[in-house]
Amino acid sequence: MPPAPTIRLNLFGSPTIEFAGASVALPVERRGQLIALLALKRAWIPRAELATTFWPDQSTKLANANLRKIVFRLQALPYASGIEVEGAALRFVADTDVADFDSALREGRLFDALALRRGELLAGFDNDASEAWTSWLHFERDRLRTAWRTAALQRLSAEVEPDEAIELSARLLDADPLDEAALRAHMQW
């Protein structure tokens with residue numbers, strides 16, 4: 001039996017999924033949100049928590065029914081075969097650029113980490129209909145943005161080539177034009 005194809009999600013910027021040699025856009029709908037959430041958490045998540053995250057204003061019974069429908073519809077997508085269902089919980093363990101980013105930061109590979117962030121986490125996946133999803137997404141975006149900024153400033157304080165320093169400080173200013181540390185670094189370089 002051949003090994004299952006590797007699945008990779010690129011969640012910085014406009015999300016894509018690489019599967020079986022192809023790269024496709026992650027659908028901007030509940031199925032895409034569910035895949036992204038599961039891939040980012042990389043752990044078993046109770047169905048009740050998922051139902052509440054996506055349908056906070058609906059009754060428990062209706063929210064759970066909606067989740068069952070989404071999980072059923074996911075089965076039609078070839079890259080969703082990696083979603084594991086065990087009793088009252090779901091999990092999706094896949095490679096992601098966010099996991100690689102976090103790993104590179106933990107290992108002190110700042111250059112690698114900085115290159116992975118191509119934009120905001122899950123760009124275009126905002127959902128004003130779900131406060132729980134929006135809160136979680138904003139928290140994750142802030143966490144990753146802060147980690148990226150810290151790594152960028154650390155990299156700029158090390159010995160780097162002038163071209164890299166100028167490009168990196170410009171990226172910092174693009175992210176926040178009022179960032180005084182970024183402006184100072186940009187002017188110094």
Side-chain angles (χ1 to χ4, degrees), residues 1-106 112-113 115-145 147:
M1 176 179 223
T6 302
I7 301 169
R8 178 174 177 78
L9 283 81
N10 296 305
L11 302 173
F12 284 121
S14 296
T16 59
I17 296 177
E18 296 171 9
F19 175 77
S23 180
V24 296
L26 189 65
V28 183
E29 58 182 32
R30 289 279 194 251
R31 291 186 302 177
Q33 290 175 330
L34 179 60
I35 286 174
L37 179 74
L38 291 170
L40 283 167
K41 290 204 174 192
R42 299 178 62 89
W44 290 103
I45 304 175
R47 285 178 179 264
E49 180 182 330
L50 293 168
T52 305
T53 298
F54 294 118
W55 299 280
D57 297 332
Q58 295 182 355
S59 69
T60 302
K61 184 177 180 180
L62 186 55
N64 286 329
N66 287 336
L67 180 60
R68 278 193 303 278
K69 288 177 194 173
I70 295 299
V71 172
F72 178 77
R73 287 181 52 218
L74 274 172
Q75 294 172 2
L77 303 175
Y79 52 79
S81 62
I83 293 179
E84 300 173 70
V85 179
E86 186 176 282
L90 302 172
R91 177 173 73 170
F92 185 50
V93 179
D95 295 333
T96 69
D97 55 352
V98 175
D100 292 346
F101 173 82
D102 286 334
S103 218
L105 286 180
R106 276 192 308 277
D112 295 338
L116 287 165
R117 187 174 184 271
R118 303 177 338 274
E120 284 293 340
L121 176 69
L122 296 171
F125 272 61
D126 299 280
N127 180 1
D128 295 334
S130 173
E131 186 178 327
W133 167 263
T134 300
S135 294
W136 172 80
L137 184 57
H138 285 275
F139 174 82
E140 285 298 313
R141 283 178 175 168
D142 288 345
R143 176 185 75 80
L144 293 166
R145 189 181 309 117

For [X] and [Y], work out which heavy atoms get closest and say how close.
X    : Y    : value
N66  : Q58  : ND2-OE1, 2.5 Å
P56  : E131 : CG-N, 4.3 Å
G32  : F125 : C-CE2, 3.8 Å
A129 : D57  : O-OD2, 4.4 Å
V28  : G124 : CG1-O, 3.4 Å
L116 : F101 : CD1-N, 3.4 Å

Side-chain heavy atoms of [X] within contact of [Y], under 4.5 Å:
X    : Y    : value
E18  : D95  : no
L77  : F19  : no
V71  : R68  : no
L40  : L122 : yes
L37  : F54  : yes
L26  : N10  : no
D97  : R8   : yes
D112 : D100 : no

Hey, is CD on E84 packed in by over 12 heavy atoms from elsewhere, all under 6.0 Å?
-> yes
Mind checking ring pair (Phe, Tyr, Trp, His ring centres under 6.0 Å) for F92 and listing every partner two or more places apart, or none if nothing turns up?
-> none
For W44, which residues count as a ring pair (Phe, Tyr, Trp, His ring centres under 6.0 Å) partner, sequence neighbours excluded?
-> none
When you look at R47 and V85, which way does the side chain to side chain contact (heavy atoms under 4.5 Å, CB included) test go after all the steps?
-> CA-CA 10 Å; R47 285 178 179 264; V85 179; 3.2 Å; yes
Distance check, rounded to the nearest 0.5 Å: [X] atom [atom1] versus [Y] atom [atom2]?
X    : Y   : atom1 : atom2 : value
R118 : F12 : CZ    : CZ    : 8.5 Å
E140 : K41 : CD    : NZ    : 8.0 Å
R91  : I83 : CZ    : CD1   : 12.0 Å
E120 : L11 : CD    : CG    : 13.0 Å

Would you confirm whether [X], through its side chain, and [Y], through its main-chain N or O, come within 3.5 Å as a donor-acceptor pair?
X    : Y    : result
R141 : L121 : yes
T96  : L9   : no
T134 : N127 : yes

Between R30 and W133, is NZ or CZ placed under 6.0 angstrom from the six-membered ring centre and within 45° of the ring axis?
-> no
Side chain to side chain contact (heavy atoms under 4.5 Å, CB included) test vs W55 passes for just one of N64, T60, L67, namely L67
Stepwise side chain to side chain contact (heavy atoms under 4.5 Å, CB included) check, W136 with T53 | CA-CA 9 Å; W136 172 80; T53 298; 5.6 Å; no
Please identify each residue that fulfils salt bridge (charged side-chain N to carboxylate O under 4.0 Å, His left out) with E29, with sequence neighbours left out.
-> R31, R73
